[in-house]
Amino acid sequence: MLKEAIGSGATVEEATKAAKEQLGAPEEVEVKIEILKMPQKKILGLFGGSDAQVKASYEVADEPVKVKREKNEKRENKKNNNNNRKEKKPQPVKEVVVEISKPFVSVELTPTNEYDDAKEYLKAMILGIGMESCEIEVTANDEEINFEVDCGEDYGLVIGRRGETLDALQYLTRMVANHGKGSYKRVSVNVGDYREKREEALRTLARRHAIKAVKSGRSVTLEPMNPYERRVIHTAVQEVKGATSYSTGSDLDRRVTIAPDGSVKASRQSYQRNDRRRRNDSPAASVSEAPQRAPKSDFEGSSLYGKIEVETEKED
């Protein structure tokens, strides 16, 4: 690259000196001098005349272009990455392994006489529906009260169809047990281990459909249930990695939908196998697509036990 400057002066020497000063060339370089215009004297010392003009120049070495080098490096790296991608072989689809965490364990209950009024009220209702005898044991902790009923071997009258009578007794007992108390507690009325057997059956149902939903990638909607049973389903589904649950519907038609949460990739082989067995599933469940709206939780604002709901309570 050529660097140059032009200087002017009354003489060639002065013009050369001015050009070198403007050029500012290092001492070790060779400066080229070119006379552009010779000086002219004035006529009679009064008219005309002009200064001399000199051009000074020298060669400057070109600097390395770093930007071009960086672009070349990026282009080379991109080319290598593309080659690496082409060399990768597709991985075979692996069977989904669903993890199940530890089962739900309730807090220990201890005997108490604090709820004797609710105990006598429950006993009067059971005798009033036709039972000849009734013994009730009450246990509680900081969150729950349990009324264990013993009315002989024939307790079908107390349970009723699908537990409807027992749910009604439980609802009324809960209202009495929590009346005038400083804090609200859940209430469970059980007879003949009905609650334990029903809860275990619901947990088995929930786990089975949760695993099915994770493996197949499809949601499963269960039959309508009361708030207590829906809570058991939600708790059991939380134990299965990759599964989630939410409630749909209202009033007596409110039911739980179990669906994959997207954290575990569904297996195509399992999906096809489950699809072939779809007609052999329990009639208590039917497959449907998950709704687009945000799910509404059964854990918010609803009683954990009991089927009857009143307007004063917030519907789940």
Side-chain angles (χ1 to χ4, degrees), residues 106 109 112 114-141 143-181 183-203 205-206 222-236 247-256 284 296-316:
S106 60
L109 303 172
T112 179
E114 183 180 357
Y115 305 98
D116 285 347
D117 53 346
K119 172 183 174 181
E120 294 301 324
Y121 179 75
L122 175 60
K123 183 176 181 179
M125 287 191 295
I126 293 175
L127 295 176
I129 63 176
M131 300 302 297
E132 296 181 358
S133 62
C134 178
E135 296 295 332
I136 302 175
E137 180 183 357
V138 183
T139 54
N141 57 22
E143 298 180 352
E144 183 179 351
I145 312 168
N146 181 62
F147 295 84
E148 192 68 32
V149 179
D150 183 7
C151 54
E153 296 182 358
D154 187 14
Y155 45 77
L157 186 62
V158 179
I159 295 176
R161 179 180 175 273
R162 296 179 61 184
E164 292 179 353
T165 303
L166 188 61
D167 288 342
L169 293 173
Q170 180 175 271
Y171 170 78
L172 296 172
T173 305
R174 182 175 71 246
M175 300 294 290
V176 175
N178 286 291
H179 180 70
K181 304 296 181 180
S183 59
Y184 179 85
K185 292 186 178 181
R186 301 189 299 269
V187 173
S188 173
V189 176
N190 189 24
V191 56
D193 295 332
Y194 172 79
R195 295 295 185 192
E196 288 82 355
K197 295 176 181 177
R198 176 62 175 168
E199 183 172 331
E200 184 59 32
L202 291 173
R203 291 186 181 280
L205 178 71
L222 305 179
E223 64 181 359
M225 298 180 184
N226 60 42
Y228 159 71
E229 293 178 339
R230 293 199 302 270
R231 178 180 180 272
V232 174
I233 295 294
H234 288 310
T235 303
S247 293
T248 58
S250 59
D251 300 331
L252 299 180
D253 193 46
R254 193 157 178 79
R255 59 188 70 201
V256 176
K296 185 177 180 182
S297 173
D298 281 296
F299 291 97
E300 301 177 359
S302 67
S303 156
L304 299 179
Y305 303 99
K307 183 173 182 179
I308 301 179
E309 301 175 1
V310 294
E311 295 180 356
T312 56
E313 294 183 7
K314 184 178 178 182
E315 183 179 354
D316 66 315

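Hydrogens, waters and symmetry mates are skipped; everything else that's a heavy atom, side chains included, is used.
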(message) I'd like to know if Asp117 pairs up with Lys119 as an ion pair, taking the criterion as any Lys NZ or Arg NE/NH1/NH2 lying under 4.0 Å from an Asp or Glu carboxylate oxygen.
(response) no
(message) With side chain to side chain contact (heavy atoms under 4.5 Å, CB included) as the criterion, how do Asp150 and Ile136 come out once you've worked through the C-alpha distance, each side chain's angles and the decisive distance to 0.1 Å?
(response) CA-CA 6 Å; Asp150 183 7; Ile136 302 175; over 6 Å; no
(request) Provide the closest heavy-atom pair for Gly192 versus Tyr155 in the form atom of the first, atom of the second, distance. (result) O-OH, 3.6 Å
(request) Evaluate the side-chain proximity of Val158 to Ile126: yes if any heavy-atom separation is below 4.5 Å, no if none is. (result) yes
(message) Using every non-hydrogen atom in the two residues, find where Thr165 and Gly160 come nearest and quote the distance to one decimal.
(response) OG1-CA, 3.5 Å
(message) Tyr115 vs Lys185, test: side-chain hydrogen bond (donor to acceptor under 3.5 Å, both in side chains). Steps then yes/no.
(response) CA-CA 12 Å; Tyr115 305 98; Lys185 292 186 178 181; 3.2 Å; yes
(request) Classify the side-chain pair Tyr228/Glu199 by whether it contains a donor and acceptor separated by less than 3.5 Å. (result) yes
(request) State the CG-CE distance between Leu172 and Met125, to the nearest 0.5 angstrom. (result) 5.0 Å
(message) I'd like to check Arg186 versus Ile145 (side-chain heavy atoms, cut-off strictly below 4.5 Å). Are they in contact?
(response) no
(message) Would you say that Gln170 contacts Arg195 through its side chain, given a criterion of any heavy-atom pair below 4.5 Å between the two side chains?
(response) yes
(request) Starting from the C-alpha separation in whole Å, work towards a yes-or-no answer on side chain to side chain contact (heavy atoms under 4.5 Å, CB included) for Glu223 and Val256. (result) CA-CA 7 Å; Glu223 64 181 359; Val256 176; over 6 Å; no
(request) Return yes if some donor-acceptor pair links the side-chain N/O of Asn141 with the main-chain N/O of Glu143 below 3.5 Å, else return no. (result) yes
(request) Could you tell me which non-hydrogen atom of Thr173 sits nearest to which non-hydrogen atom of Leu169, and how far apart they are? (result) OG1-O, 2.7 Å
(request) Carefully, step by step, assess Val189 and Val149 under the rule side chain to side chain contact (heavy atoms under 4.5 Å, CB included). (result) CA-CA 7 Å; Val189 176; Val149 179; 4.0 Å; yes
(message) Test side chain to side chain contact (heavy atoms under 4.5 Å, CB included) on Val187 and Asn178; report intermediate values, then the result.
(response) CA-CA 9 Å; Val187 173; Asn178 286 291; 3.9 Å; yes
(request) Would you check if Glu144 and Ser188 make a side-chain contact, meaning some heavy-atom pair closer than 4.5 Å? (result) yes
(message) Tell me the closest heavy-atom pair linking Cys151 and Val191, and the distance in Å.
(response) SG-CG2, 4.0 Å
(request) State, to 0.1 Å, how close Pro224 and Asp253 come at their nearest heavy-atom pair, and which atoms those are. (result) CG-OD1, 3.7 Å
(request) Under the side-chain contact (heavy atoms from CB on, under 4.5 Å) rule, collect the residues that match up with Leu202, sequence neighbours excluded. (result) Arg198, Met225, Glu229, Val232, Ile233
(message) Could you check whether Glu164 pairs with Arg161 (Lys NZ or Arg NE/NH1/NH2 to Asp/Glu carboxylate O, under 4.0 Å)?
(response) yes
(request) State the CG-CZ distance between Leu222 and Arg255, to the nearest 0.5 angstrom. (result) 9.0 Å
(request) Tell me yes or no: between the side chains of Asn190 and Asn146, is some donor less than 3.5 Å from an acceptor? (result) no
(message) Just verifying a value: how many Å separate Lys123 NZ and Cys134 SG, rounded to the nearest 0.5 Å?
(response) 6.5 Å
(request) Find out whether Tyr184 and Arg174 are in side-chain contact, i.e. whether some heavy atom of one side chain is under 4.5 Å from a heavy atom of the other. (result) yes
(request) Report, as yes or no, whether the 6.0 Å neighbourhood of atom CD on Glu196 holds more than 12 heavy atoms from other residues, nucleotides or ligands. (result) yes
